Amino acid sequence: MKLNNSEESYGLIHQALHWATALLILSLLPMGVYMHELPMQNTAQINDKVWLYSLHKTLGISALTVAVLRIIWAKSQPHPRPLHGGMEGFAASTVHNLLYVAIIAMPVMGWLHHAAAEGFAPIWWPLSQDLPFIPKSVELSNFFKTAHFITGIVLVVSLFLHIAGAVKHVVIDKDDTLSRMVPGVYQETGQLPVEQPKSASPKLVALLAIVVAIAAVFIVDNINTPATKQVETANASSNNAEQAIEGAWVIDYASSELAISVTQLGTPIKGIFSDWSADVVFDPENPENGFITASVGIASLSLGDVSERAISAEFLDAETNPKASFISEDITKTQTGFAAQGIMTLAGVAQDFTIEFTFDETDGKANVSATGKIQRLDFKIGETFADDSSVGRSIDLNIAIDATRP
């Protein structure tokens, strides 16, 4: 059996790369759907889901590698002439090129999504979990996640057309198109098939990919979950632009940030609240006369791939308890700065809480850096995960505020 291609048939190397790619794709597509639907109600279920996600990502990198090798090999070899010419040959060429684009684009988008996301399931290949020039960003991660899904739709459509064409050749035409790709089945006759058809232009392939991608965008938009819509609504209706209390510092919300950090499977993940407001009356010379009140829209939390899970009833329960709050009762000076003791209400539970902060003022402009540690079990958050092997029991609160005097 020949290793190289000829104008009549495919060689063993091309056949092996073809079927390896097919096996990986036909495994990854149903795996991606299945793992997404797996529950995460306890530590064992989370570990199982994370393991499957890691397997999916690792096999995805493998599929990308095999696909790239196949394309390189195909470009270095003669392409066997098709058994049919004309429009049928042109259509087959177009579908093949579209399939190549999708096979490369889908795992690339998935890899970029992984690199931009924080935490969750690692790739098992001895590669860096990060990629050059790809920062950790919730927005960027979500963009690549959507692109991964859309290119998946392109792949499914082109794969369906490819398989349908192969079935036609076997059932209707009864020719050797498929047998030429099966090792040891086709025997060369020395008679060349029809002339090569005109290849599909890159512009046509790109146009087809765009059409399928646009259709996929509509699908993505229509399957947004209620929780996702809730976050979008909260972000759009953020009411943190105005100060309500006379004498309070005027906070520049555009340059300020309310963030949390929670450990998931040993990896810290940063979350950002986009809907929050605070009233701060404070004089560093007389801290005891100051006070702080703050309100946070729970549904505005963006916590990477687990945002919807974090605001669900299992954890922060944004539907029942849409707001968290902190009201100070006493502000004192410490060796490193200041401490505000008060009451935090989170997930419907009120607890004593302390926020430590530093305060620097120059020409009427203040920079505040504040921290605190939330023990989630004290607020009955994620009680199913009593140990911290999956979800850390301690949540770090990090606040950066830029403000000016009223």
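Note that this is a predicted model, so its numbers are computed, not measured. Side-chain atoms are counted along with the backbone in the values below, which use heavy atoms only and exclude waters and symmetry mates.
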Task: Shortest non-hydrogen separation from Phe379 to Met344 and the atoms involved - done: CE2-O, 3.6 Å
Task: Euclidean distance, Thr151 OG1 relative to Ile103 CD1, rounded to 0.5 Å - done: 11.5 Å
- [ ] Under the side-chain contact (heavy atoms from CB on, under 4.5 Å) rule, what do Tyr186 and Gln15 come out as? Steps first, then yes or no, please.
- [x] CA-CA 12 Å; Tyr186 181 77; Gln15 292 170 341; over 6 Å; no
Open item on the list: If I compare all heavy atoms of Ala386 with all of Leu377, which pair ends up nearest, and what's the gap?
Closed with: O-CD1, 3.6 Å
Task: side-chain contact (heavy atoms from CB on, under 4.5 Å) involving Trp51 - partner list, sequence neighbours excluded - done: Leu55, Trp124
Task: Results of ring pair (Phe, Tyr, Trp, His ring centres under 6.0 Å) for His56 - residues two or more places apart only - done: none
Open item on the list: Are Ile355 and Thr371 packed together at the side-chain level, in the sense that at least one heavy-atom pair is separated by less than 4.5 angstrom?
Closed with: no
Open item on the list: Tell me the closest heavy-atom pair linking Arg393 and Asp387, and the distance in Å.
Closed with: NH1-CA, 3.4 Å
Task: side chain to side chain donor-acceptor pair (under 3.5 Å) partners of Ser325, counting only residues at least two apart - done: none
Open item on the list: Checking the side chain of His148 only, and the main-chain atoms of Met106 only, is there a donor and an acceptor separated by less than 3.5 Å?
Closed with: yes
Open item on the list: Just to verify, what does Asp317 make a side-chain contact (heavy atoms from CB on, under 4.5 Å) with, not counting sequence neighbours?
Closed with: Ala313, Glu319, Thr320, Asn321
Task: Partners passing side chain to side chain donor-acceptor pair (under 3.5 Å) against Lys270 (at least two apart in sequence or in another chain) - done: Glu257
Open item on the list: Quick check for you: to the nearest 0.5 Å, what is the distance between Ile272 atom CD1 and Leu301 atom CG?
Closed with: 9.0 Å
Open item on the list: Testing the 3.5 Å rule here: is there a donor-acceptor pair between the side chains of Ser256 and Trp276?
Closed with: no
Open item on the list: Checking the side chain of Arg70 only, and the main-chain atoms of Thr21 only, is there a donor and an acceptor separated by less than 3.5 Å?
Closed with: no
TODO: Hey, could you give me the NE2/OH distance between His18 and Tyr10, rounded to the nearest 0.5 Å?
DONE: 8.0 Å
Open item on the list: Consider side-chain contact (heavy atoms from CB on, under 4.5 Å). Of Met181, Arg180, Gln77, which one does His14 pass it with?
Closed with: Met181
Open item on the list: When you compare the side chain of Phe282 with that of Phe291, does any pair of heavy atoms fall below 4.5 Å?
Closed with: no
Task: Residue pairs fulfilling ring-ring contact (aromatic ring centres under 6.0 Å, His included) with at least one residue in residues 387-406, sequence neighbours excluded - done: none
Open item on the list: Among residues at least two apart in sequence or on other chains, which ones pass side-chain contact (heavy atoms from CB on, under 4.5 Å) with Ala350?
Closed with: Ile343, Thr345
- [ ] Could you pull out all residues at least two apart from Asp130 that satisfy side chain to side chain donor-acceptor pair (under 3.5 Å)?
- [x] Lys136
Task: Side-chain heavy atoms of Leu155 within contact of Leu29, under 4.5 Å - done: yes
Open item on the list: Under the side-chain hydrogen bond (donor to acceptor under 3.5 Å, both in side chains) definition, can you give me all pairs with a residue in residues 357-366, not counting sequence neighbours?
Closed with: Glu361-Arg405
- [ ] Please lay out, stage by stage, how Val182 and Trp19 fare under the test side-chain contact (heavy atoms from CB on, under 4.5 Å).
- [x] CA-CA 9 Å; Val182 180; Trp19 291 111; 4.3 Å; yes
TODO: Please identify each residue that fulfils salt bridge (charged side-chain N to carboxylate O under 4.0 Å, His left out) with Lys168, with sequence neighbours left out.
DONE: Glu88, Asp173
TODO: Output yes when a side-chain donor or acceptor of Ser328 lies under 3.5 Å from a complementary backbone atom of Ala340, and no otherwise.
DONE: no
- [ ] Kindly compute the distance separating CG (Leu397) from CG (Leu346), expressed to the nearest 0.5 Å.
- [x] 10.0 Å
Open item on the list: Ignoring hydrogens, what is the shortest heavy-atom contact between Gln375 and Ser394? Give both atom names and the distance.
Closed with: NE2-OG, 3.5 Å
- [ ] Please lay out, stage by stage, how Leu303 and Val262 fare under the test side-chain contact (heavy atoms from CB on, under 4.5 Å).
- [x] CA-CA 9 Å; Leu303 191 64; Val262 59; 4.2 Å; yes
Task: Donor-acceptor contact present, side-chain Ser54 to main-chain Pro122, <3.5 Å - done: yes
Open item on the list: Could you work out, with side chain to side chain donor-acceptor pair (under 3.5 Å) as the rule, every residue matching Ser141, not counting sequence neighbours?
Closed with: His113
Open item on the list: On a heavy-atom basis, which atom in Leu3 and which in Trp73 lie closest, and how many Å separate them?
Closed with: O-CZ2, 4.0 Å
Task: Heavy-atom check, side chain of Ile123 versus side chain of Lys57, under 4.5 Å - done: yes
Open item on the list: Can you confirm whether Asp275 sits close enough to Val296 that some side-chain heavy atom of one is under 4.5 Å from a side-chain heavy atom of the other?
Closed with: no
Task: Reported CZ-to-CD1 distance for the pair Phe326 and Ile292, which is rounded to 0.5 angstrom - done: 6.0 Å
- [ ] Calculate, to the nearest 0.5 Å, the distance between atoms CG and OG belonging to Asn142 and Ser307 respectively.
- [x] 6.5 Å
TODO: Side-chain contact test, heavy atoms from C-beta onward, threshold under 4.5 Å: evaluate it for Leu127 versus Ile61 and give yes or no.
DONE: yes
- [ ] Apply side-chain contact (heavy atoms from CB on, under 4.5 Å) to the pair Leu52 and Leu38, showing each step before the final yes or no.
- [x] CA-CA 10 Å; Leu52 197 57; Leu38 284 178; 3.7 Å; yes
- [ ] Give the C-alpha distance, both sets of side-chain angles, the deciding distance and a yes or no for ring-ring contact (aromatic ring centres under 6.0 Å, His included) between Phe149 and Phe144.
- [x] CA-CA 9 Å; Phe149 180 83; Phe144 288 131; over 10 Å; no
Task: Exam field: side chain His96 to backbone Ala92, donor-acceptor pair closer than 3.5 Å - done: yes
Task: Counterpart residues, side-chain contact (heavy atoms from CB on, under 4.5 Å), relative to Leu161 (two or more places apart) - done: Val95, Val157
Task: Side-chain (Trp249) to main-chain (Val281) donor-acceptor, under 3.5 angstrom - done: no
Open item on the list: Under 4.0 Å between a side-chain nitrogen and a carboxylate oxygen: does that hold for Asp378 and Lys373?
Closed with: no
Open item on the list: If we count only N and O atoms by modelled type, under 3.5 Å, do the side chains of Ser255 and Asp402 hold a donor and an acceptor together?
Closed with: yes
- [ ] Evaluate the side-chain proximity of Pro287 to Phe359: yes if any heavy-atom separation is below 4.5 Å, no if none is.
- [x] no
- [ ] Using a 4.5 Å cut-off on heavy atoms from C-beta on, say whether the side chain of Asn289 contacts that of Asp283.
- [x] no
Task: Under 3.5 Å: donor-acceptor pair, side chain of Thr267, backbone of Thr263 - done: no
Open item on the list: Restricting to non-hydrogen atoms, name the atom on Tyr53 and the atom on His36 that form the minimum distance, rounded to 0.1 Å.
Closed with: OH-CA, 3.8 Å
TODO: Kindly check if the number of other-residue, nucleotide or ligand heavy atoms within 6.0 Å of CZ (Phe143) is above 12?
DONE: no
